[in-house]
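Have a look at the structure below, then the notes.
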Amino acid sequence: MIFKLHVRGAILVAAAITGLVTLASPARADRCDDSAKELSSQVERLKVNFRAANVVYLSHPAAKELSVGCRGDKYSIELFAKGDRKPTPEFLALVGSTAAIVFTVTKDDTTTGATRCLKRMGLLRGDKVVMRYRRLNMECTRTKTDASIAITRGKDE
């Protein structure tokens with residue numbers, strides 16, 4: 001009977017210590033939140049709207065839609081932007097600067113890749129272009145009213 005009391009006491013002490021350790025450990029934000037905060041502080045007129053599941057939705061006057069997604073099935077992080085059918089230079093600069101921050105690549109490389117992808121869509125290549133530039137996967141699509149680009153980096157890169 002004395003043995004049972006000591007075991008119960010030890011279990012209670014271990015549970016209390018475990019509870020204190022989990023409460024005292026610092027909270028960590030995931031990469032999506034960090035990327036969104038960094039984007040809003042470094043890109044002018046960019047605002048963080050809300051977060052749903054693994055996607056942080058952003059807003060900017062040059063883009064119709066803008067979002068950063070984390071941890072998909074085949075990618076570690078994704079940037080999605082949608083603008084007018086004929087992309088404006090402001091939209092291309094926005095995509096280039098946000099992709100440079102999210103993927104930690106130079107702004108010139110991301111702007112060049114996004115421009116090439118969006119400009120390739122047309123009569124000869126169609127309304128969907130998939131390309132790879134500087135270890136980034138880019139998929140550009142367009143409809144009658146708008147064009148969009150999704151930039152991802154694979155999980156193994």
Side-chain angles (χ1 to χ4, degrees), residues 18-157:
T18 305
L20 288 174
V21 168
T22 57
L23 290 175
S25 65
R28 296 180 188 227
D30 70 345
R31 183 151 181 220
C32 271
D33 292 331
D34 294 341
S35 296
K37 287 178 186 175
E38 190 174 348
L39 283 171
S40 65
S41 67
Q42 291 187 6
V43 178
E44 292 181 19
R45 299 184 295 163
L46 184 74
K47 295 179 184 175
V48 178
N49 283 345
F50 60 93
R51 180 186 172 126
N54 288 335
V55 180
V56 177
Y57 293 94
L58 310 165
S59 65
H60 192 274
K64 291 182 179 178
E65 291 180 27
L66 192 63
S67 64
V68 176
C70 292
R71 289 188 300 262
D73 292 338
K74 298 179 182 173
Y75 60 87
S76 60
I77 192 162
E78 176 188 38
L79 173 70
F80 177 79
K82 183 187 282 188
D84 294 330
R85 181 176 170 92
K86 186 105 171 139
T88 61
E90 294 85 16
F91 178 73
L92 295 173
L94 172 68
V95 171
S97 61
T98 53
I101 294 168
V102 169
F103 297 107
T104 60
V105 182
T106 62
K107 183 178 177 182
D108 294 336
D109 288 341
T110 54
T111 304
T112 302
T115 304
R116 283 184 186 176
C117 185
L118 288 166
K119 298 278 182 176
R120 284 186 180 178
M121 293 183 295
L123 187 62
L124 296 175
R125 293 194 176 112
D127 290 336
K128 183 176 180 182
V129 174
V130 177
M131 63 177 276
R132 188 162 166 84
Y133 187 79
R134 301 280 187 211
R135 292 180 21 198
L136 295 175
N137 303 320
M138 299 184 184
E139 181 177 328
C140 297
T141 56
R142 81 176 175 183
T143 62
K144 290 183 179 182
T145 57
D146 40 76
S148 63
I149 182 169
I151 304 173
T152 59
R153 178 175 280 161
K155 281 191 171 184
D156 56 344
E157 298 176 25

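- Here the closest heavy-atom approach between residue Thr111 and residue Thr115 is recorded as O-OG1, 2.7 Å.
- Applying the salt bridge (charged side-chain N to carboxylate O under 4.0 Å, His left out) test to Glu139 and every residue at least two apart in sequence or in another chain returns Lys128.
- Side-chain contact between Phe80 and Val55 is absent, with no heavy atoms from C-beta onward closer than 4.5 Å.
- When every heavy atom of Met138 is checked against every heavy atom of Cys117, the shortest pair comes out as CB-SG, 4.1 Å.
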Test Arg132 against Asn137 for side-chain contact (heavy atoms from CB on, under 4.5 Å), laying out the working first. CA-CA 5 Å; Arg132 188 162 166 84; Asn137 303 320; 2.6 Å; yes
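- With rounding to the nearest 0.5 Å, the separation of OG in Ser97 from CD in Glu44 is 10.0 Å.
- Under a 3.5 Å cut-off, the side chain of Arg153 and the backbone N or O of Phe103 do form a donor-acceptor pair.
- Shown here for Leu66 and His60, the closest heavy-atom pair between the two residues is CD2-CB, 4.4 Å.
- A side-chain donor-acceptor contact under 3.5 Å links Thr110 to the backbone of Lys107.
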Step by step, would you call Tyr133 with Thr112 a side-chain contact (heavy atoms from CB on, under 4.5 Å)? CA-CA 9 Å; Tyr133 187 79; Thr112 302; 3.5 Å; yes
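- One finds the CD atom of Glu65 at 11.5 Å from the OG atom of Ser59 (value rounded to the nearest 0.5 Å).
- Of all heavy-atom pairs spanning Gln42 and Ile101, the tightest one is OE1-CD1, 3.3 Å.
- From Met131, atom CE reaches atom CD1 of Ile151 across 9.5 Å, with rounding to the nearest 0.5 Å.
- For Tyr57, the ring pair (Phe, Tyr, Trp, His ring centres under 6.0 Å) partners are Phe50, not counting sequence neighbours.
- Nearest heavy-atom pair, Leu136 versus Val105, reported as atom, atom and distance to 0.1 Å: CD1-CG2, 4.5 Å.
- The distance from the SG atom of Cys140 to the CD1 atom of Ile149 is 3.5 Å, given to the nearest 0.5 Å.
- With rounding to the nearest 0.5 Å, the separation of OG1 in Thr98 from CG in Leu79 is 4.5 Å.
- Considering all non-hydrogen atoms of both residues, Pro61 and Arg45 come closest at CD-O, 3.7 Å.
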Passes side-chain contact (heavy atoms from CB on, under 4.5 Å), Asp84 versus Lys64? Steps please. CA-CA 8 Å; Asp84 294 330; Lys64 291 182 179 178; 3.3 Å; yes
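- Atom CZ of Arg85 and atom OG1 of Thr143 lie 7.0 Å apart (nearest 0.5 Å).
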